[in-house]
Peer 1: 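I'd like to ask some things about the structure below.
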Amino acid sequence: MEFSTQSTSAFHQVKTTALAVGVFADGELSAAADVVNRAAGGALKSVIGHDFLGHVGETLVLHNVAGVRAERIVLVGLGKQASYGIKAFQKAQNAFAKQCVALRLTQATSALATVPCPDSNARLLARLSAQAASNAAYYYDATMGKPDPKLRPKLKKFDLLANRADLKLVQTGLTEGAALGEGMALTRTLGNLPGNICTPTYLGNQAKALGRQFKSIKVSVLEKKQIEALGMGSFLSVAKGSNEPPRFIVMHYKGKAAPKAKSKGPIVLVGKGITFDTGGISIKPAATMDEMKFDMCGAASVFGTMLAIAKLQWPGELVGLIPTCENMPSGTATKPGDVVKSMSGQTIEVLNTDAEGRLILCDALTYAERYKPSTVIDIATLTGACIVALGTVNSGLFSPDDELAEQLLAAGKRALDPAWRLPVEDEYQDFLKSNFADMANIGNAGPKAGAVTAACFLARFAKAYRWAHLDIAGTSWLSGAQKGASGRPVPLLLEYLLEQTGK
Ligand code: BES
Ligand code: MN
Ligand code: ZN
């Protein structure tokens, strides 16, 4: 998608197929709506209060409005003026973008970012706008028998009107939002692809393709023999029930840093890449098992973030590590009670083969030590318990480091991709006691604090560096009629990375 910005106060003279103007719930017009309304002889005011109430995200399309050059004026509700802020802005911009896609438009213009927004800035508003257009135009038909090109969204060009003083920041935000949109689309497509296509081998090939696309990303894809040589016995214990061979993917991005900037060691992202999670011998119930094709959404978010920062030529160093395999039951699968040896040397009693995410992540966390990283963040669809705790609104954030936790929470807030902090404290470590190994892979207190004990398990492998864990089980995909990958937490991760290099 192509994005552009310009500044004008003559909103009625903007030539476009659809122009979005904001209207508050109390009938108050935004400056742009006011200009258009006057030019149109009160045409907007005449529908407000009955046809259109101005609820957040409400839209009303007016065709051929006399006195304005736009082919359509789209009234977009901003909600109550007193509570207007970045969240209402995002809902409004998303609704407009969806409306444009529904109208099959190829081009659209929004004046919504000219409305003063007390709790954000022009750059973030522009980024959210590009994200809104890009996400609305996302369409999955990769596995339809006869993909119908006519069903594909046509929106190709999105223009964002801005206040004159903001133009530079808006341009930056649009560039970031365009890269973010592409990153999220990749994350969503990898998530949406079924397990019989999106295998560990497929993900490895995707990584190689990304390496070919960007000179700044060096990729290596380790195969089973090399993974064995590294001593990743925990990772391999999950892979061994499947006929699909595992992969360990390394993507190393190096941007051109400012000449005097001293490297503190790279930031490492570790993504859980279970391409299908049956539960293994501790098999899952059938009802929603299909959704376990999304169990590689952590890995997919590493891909999406890599793509976005490479597009933006981010001036830092980022390593993406992805352990990827299937979790299957079979004659060769790991059994409950089996003891496996991790790359760190610590042994693990596998009491439940469905707690497999931590078993592949722990070896990747040990592998991360070789980079002497400044920070390691793992991203994983790790526990159903995290969905019980936080639902689908917040990702779970765990870190023993208060500063890192605060930075990630703040990034999530700014990017409207929020996380909520849960504890990782030594008091919970006792739950992982085993009589037969250094630790068990599940807590012995049943389902109590399941997301926390999972994080505590990982903490045992992340002692050599600053570390945080994001549990995205509830946020990385939607269920029901809207079933599909969301692209989260790429917005949070990108905002965190941009902040680290002073943007
Ligand atoms: N991939 C699942 C977590 C999950 C479940 C994410 C449902 C989203 C929706 C993970 O591998 C898993 O099965 N975790 C178990 C852990 C338990 C056995 C301690 C869980 O959450 O039930
Ligand atoms: Mn599982
Ligand atoms: Zn899983």
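Atoms within a ligand are numbered from 1 in the order they appear, just like the ligands themselves.
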Peer 1: Can R421 and D402 be counted as an ion pair, charged N to O under 4.0 angstrom?
Peer 2: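 Salt bridge flag = yes for D402 with R421.
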Peer 1: Would you check ligand 1 and list the protein residues that come within less than 4.0 Å of it by any heavy atom, ordered by chain and number?
Peer 2: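 Protein residues near ligand 1 are K272, D277, K284, M292, D295, N352, D354, E356, R358, T381, L382, T383, G384, I387, I442, A473, W477.
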Peer 1: Whether K272 and D295 form a salt bridge (side-chain N of Lys/Arg under 4.0 Å from carboxylate O of Asp/Glu) is what I want to check.
Peer 2: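 Yes, this pair counts.
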Peer 1: With sequence neighbours left out, what residues match Y253 under ring pair (Phe, Tyr, Trp, His ring centres under 6.0 Å)?
Peer 2: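 For Y253, no residue satisfies ring pair (Phe, Tyr, Trp, His ring centres under 6.0 Å) once neighbours in sequence are set aside.
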Peer 1: Taking only Lys NZ, Arg NE, NH1 and NH2, and the carboxylate oxygens of Asp or Glu, determine whether D338 and K335 approach each other closer than 4.0 Å.
Peer 2: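 A salt bridge links D338 with K335.
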Peer 1: So do the side chains of M296 and T324 get within less than 4.5 Å of each other, counting heavy atoms only?
Peer 2: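 With C-beta onward as the side chain, the pair stays apart.
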Peer 1: Which residues and atoms, counting only protein N, O or S, are under 2.8 Å from the Mn ion (ligand 2)?
Peer 2: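 D277 OD2, D354 O, D354 OD1, E356 OE1, with waters left out.
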Peer 1: Examine distances only and state if a side-chain atom of R188 and a backbone atom of A485 form a donor-acceptor pair shorter than 3.5 Å.
Peer 2: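 Yes, R188 side chain to A485 backbone: donor-acceptor pair under 3.5 Å.
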Peer 1: Does Y84 have its ring centroid less than 6.0 Å away from the ring centroid of F89?
Peer 2: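 Here the rings of F89 and Y84 have centres that are no less than 6.0 Å from each other.
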Peer 1: If you draw the axis of the six-membered ring of Y367, does the NZ or CZ of R370 fall within 45° of it and under 6.0 Å from the ring centre?
Peer 2: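 Relative to the ring axis of Y367, which defines the angle, R370 lies inside both limits.
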Peer 1: Under 4.0 Å between a Lys/Arg side-chain N and an Asp/Glu carboxylate O for E176 and K311?
Peer 2: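 Salt bridge between E176 and K311, a charged N being under 4.0 Å from a carboxylate O: no.
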Peer 1: Any chance you could measure K98, atom NZ, to L155, atom CG, to the nearest 0.5 Å?
Peer 2: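 CG of L155 is found 13.5 Å from NZ of K98.
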Peer 1: Nearest 0.5 Å, what's the OH-OG distance between Y465 and S374?
Peer 2: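 Y465 atom OH to S374 atom OG measures 12.0 Å (nearest 0.5 Å).
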Peer 1: For the pair D277 and K293, find out whether any cationic side-chain nitrogen is under 4.0 Å from an anionic carboxylate oxygen.
Peer 2: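 No salt bridge links D277 with K293.
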Peer 1: List the steps and the verdict of salt bridge (Lys or Arg N to Asp or Glu O under 4.0 Å) for D290 and K483.
Peer 2: CA-CA 11 Å; D290 67 290; K483 195 188 286 183; 2.7 Å; yes
Peer 1: Around the Zn ion (ligand 3), what protein N, O or S atoms are found below 2.8 Å?
Peer 2: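 Atoms qualifying: K272 NZ, D277 OD2, D295 OD2, E356 OE2.
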